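Report on one structure; see the data block that follows.
Remember, it's a predicted structure, so these values are computed and weren't measured experimentally. One is the number of the first residue; the rest follow in order along the sequence.
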Amino acid sequence: MKLPITITQIAHQPKILPLNKIVKGSDFTIKQLNPNTVISKEDENIRPTEVETIVDYLSRYVLLAYAHAFDVANAKAKQDLIHGIIPVKEYKKLLDQEERLRYLVKDLSDVDSLSDEAIYLATDICAWEDAFRSGRYVKPKVHPDKLTTGHIRTMIQRVEKFFEEFGWPTRDAFFAKTENGFVSGDGDYLLKHTLLDLKVSVQNTMQISWVRQLLLYYTLGFYNHFNKEDIERLMIFNARTNSVFSINITDIDPSVFKFVYDAAEKQSKINERELQKYIN
């Protein structure tokens with residue numbers, strides 16, 4: 001059964017949120033940061049999705065000293081341990097890797113000093129992060145090579161410079177969901193009055209799936225008053241292209257938010273019915 005349960009999944013469903021009912025990518029303001037070079041993915045030796053997860057994870061852990069950096073990975077590993085999917089030694093290995101990463105970044109002076117070993121450890125930990133969302137742990141086949149670790153450092157530096165220019169996060173995670181909870185998602189960051197999603201993509205234009213994602217995070221996280229912050233702007237920062245896409249809430253017709261909210265709630269009720277039938 002393939003139901004769009006997460007906000008990311010719905011963002012790739014044009015039938016649920018058709019383009020003619022929402023804002024376009026061209027409605028967003030684009031700001032190109034310096035340097036204006038695209039970091040290519042062609043010669044990287046791990047999947048782009050892995051690179052994105054590592055950049056996001058290390059940005060939180062290194063730049064923001066995220067207190068709950070290991071929570072998601074540990075929750076999935078502990079679940080697999082309880083169900084007998086992994087042995088105790090595999091769970092202990094993860095905890096050892098986390099302790100080693102803590103030690104390596106404890107006295108880090110700048111991102112340039114982030115060691116290859118720290119990035120290797122983050123690769124292993126992020127595999128458990130991915131497993132939490134996909135439901136299945138896949139051990140990394142390779143670790144990032146020199147070129148790839150260099151790209152990762154550069155993109156984390158870009159995230160740091162972005163925060164220095166646009167403001168540091170007031171929250172480094174937030175939750176958004178429908179009334180019955182059968183559509184939900186974890187947003188990346190909140191800056192002051194700004195909802196921010198981090199991307200690591202070679203795309204240099206605002207993608208329609210990103211538009212849907214931002215609208216869903218806003219309507220299911222703030223338009224419905226699930227979170228109390230006052231959001232005035234929706235924003236994407238793409239670390240590969242070093243570009244920023246943004247739009248003010250006041251520049252979006254209120255009917256768009258009403259449509260997105262109603263469409264998400266409708267799909268959420270469908271999900272609940274279908275899952276109940278499946279369980280029964």
Any heavy-atom pair between the side chains of [Y] and [X] that's under 4.5 Å?
X	Y	result
Phe163	Tyr189	yes
Leu215	Leu234	yes
Ile156	Glu160	no
Tyr218	Ile249	yes
Met206	Ile236	yes
Glu232	Asn248	no
Lys269	Asn180	yes
Asn242	Lys161	no

Distance-only check: which donor-acceptor pairs under 3.5 Å involve side-chain atoms of residues 101-108, not counting sequence neighbours?
{"unit_1": "Arg102", "atom_1": "NH1", "unit_2": "Glu99", "atom_2": "OE1", "d": "3.0"}

[X]: what forms a side chain to side chain contact (heavy atoms under 4.5 Å, CB included) with it, not counting sequence neighbours?
X	result
Leu95	Asn74, Tyr91, Glu98
Glu229	Arg171, Leu190, Phe222, Asn227, Ile231
Val202	Lys41, Arg240
Thr37	Pro35, Arg158

Distance-minimising heavy-atom pair for [X] and [Y]:
X	Y	result
Ile7	Ala176	CD1-CB, 3.9 Å
Thr241	Ser201	CG2-O, 3.6 Å
Met155	Ala239	CG-O, 3.8 Å
Ser115	Arg153	C-NH2, 3.7 Å
Leu94	Ala77	CD2-CB, 3.5 Å

With rounding to the nearest 0.5 angstrom, report the [atom1] to [atom2] distance, [X] to [Y].
X	Y	atom1	atom2	value
Asn45	His151	CG	NE2	11.0 Å
Thr149	Asp116	OG1	CG	4.0 Å
Met235	Ser246	CE	OG	4.5 Å
Tyr217	Phe174	OH	CZ	6.5 Å
Trp128	Ile86	CH2	CD1	4.0 Å
Leu33	Phe162	CG	CZ	7.5 Å

Checking the side chain of [X] only, and the main-chain atoms of [Y] only, is there a donor and an acceptor separated by less than 3.5 Å?
X	Y	value
Gln267	Glu265	no
Ser59	Val55	yes
Asp56	Glu52	no
Ser268	Phe182	yes

| said: Assess whether a salt bridge exists between Asp262 and Lys258, defined as any Lys/Arg side-chain N lying under 4.0 Å from an Asp/Glu carboxylate O. | reply: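 Looking at Asp262 and Lys258, the cut-off is met.
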
| message | What I want to find out is whether Lys277 reaches Glu274 closely enough, with some N-O distance under 4.0 Å, to be called a salt bridge. | response |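 The answer is yes: the pair qualifies as a salt bridge.
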
| task | Scan residues 26-35 for pairs that pass side-chain hydrogen bond (donor to acceptor under 3.5 Å, both in side chains), counting only residues two or more places apart or in two chains. | result |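 Found Lys31-Glu165.
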
Using the rule that two of Ile, Leu, Val, Met, Phe, Trp, Tyr join whenever any of their side-chain heavy atoms come within less than 4.5 Å, decide whether [X] and [Y] are in one cluster.
X	Y	result
Phe28	Leu195	yes
Ile270	Val183	no
Phe245	Val211	yes
Leu64	Leu121	yes
Ile82	Val88	no

| If we ignore angles and hydrogens, is there a donor and acceptor under 3.5 Å between the side chains of Asp110 and Ser113? |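 Ser113 and Asp110 do have a side-chain donor-acceptor pair below 3.5 Å.
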
| field | Sequence-distant partners of Thr123, side-chain hydrogen bond (donor to acceptor under 3.5 Å, both in side chains), two or more places apart | value |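 Listed in chain order: nothing, the list is empty.
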
| request: Please name all residues satisfying side-chain hydrogen bond (donor to acceptor under 3.5 Å, both in side chains) with Gln79, sequence neighbours left out, ordered by chain then number. | output: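 Gln79: side-chain hydrogen bond (donor to acceptor under 3.5 Å, both in side chains) contacts with Lys76.
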
Run the side-chain donor-acceptor check on residues 134-145: report pairs under 3.5 Å with partners two or more places apart or on a different chain.
{"unit_1": "Ser134", "atom_1": "OG", "unit_2": "Asp130", "atom_2": "O", "d": "3.1"}
{"unit_1": "Ser134", "atom_1": "OG", "unit_2": "Arg136", "atom_2": "N", "d": "3.3"}
{"unit_1": "Ser134", "atom_1": "OG", "unit_2": "Arg136", "atom_2": "O", "d": "3.2"}
{"unit_1": "His143", "atom_1": "NE2", "unit_2": "Asp124", "atom_2": "OD1", "d": "3.1"}
{"unit_1": "His143", "atom_1": "NE2", "unit_2": "Asp124", "atom_2": "OD2", "d": "3.3"}
{"unit_1": "Asp145", "atom_1": "OD1", "unit_2": "Leu147", "atom_2": "N", "d": "3.4"}
{"unit_1": "Asp145", "atom_1": "OD1", "unit_2": "Thr148", "atom_2": "N", "d": "2.9"}
{"unit_1": "Asp145", "atom_1": "OD1", "unit_2": "Thr148", "atom_2": "OG1", "d": "2.7"}

| said: More than 12 heavy atoms of other residues, nucleotides or ligands under 6.0 Å from NE2 of His193: yes or no? | reply: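 Yes - once you tally the heavy atoms of other residues, nucleotides and ligands closer than 6.0 Å, there are more than 12.
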
| query | ring pair (Phe, Tyr, Trp, His ring centres under 6.0 Å) with Tyr61: which residues, sequence neighbours excluded? | reply |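 In terms of ring pair (Phe, Tyr, Trp, His ring centres under 6.0 Å), with neighbours along the sequence ignored, Tyr61 is linked to Phe70.
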
| task | Walk me through it: do Ile54 and Ile46 pass the test side-chain contact (heavy atoms from CB on, under 4.5 Å)? | result | CA-CA 11 Å; Ile54 294 166; Ile46 61 174; 3.9 Å; yes

| message | Evaluate Leu191 against Phe166 for side-chain contact (heavy atoms from CB on, under 4.5 Å), listing each step before the verdict. | response | CA-CA 8 Å; Leu191 312 184; Phe166 287 85; 4.2 Å; yes

| request: Tell me, with the steps shown, if Val159 and Phe237 meet side-chain contact (heavy atoms from CB on, under 4.5 Å). | output: CA-CA 8 Å; Val159 174; Phe237 173 57; 4.1 Å; yes

Enumerate, atom names and distances included, each donor-acceptor pair closer than 3.5 Å involving a side-chain atom of residues 13-25, sequence neighbours excluded.
none

| field | Residues that, via side-chain heavy atoms closer than 4.5 angstrom, fall in one hydrophobic cluster with Val72 | value |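 For the cluster that includes Val72, the remaining residues are Phe132.
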
| message | If you apply the rule side-chain contact (heavy atoms from CB on, under 4.5 Å), what do you find for Asn238 with Trp210, and how did you get there? | response | CA-CA 11 Å; Asn238 185 355; Trp210 302 352; 3.9 Å; yes

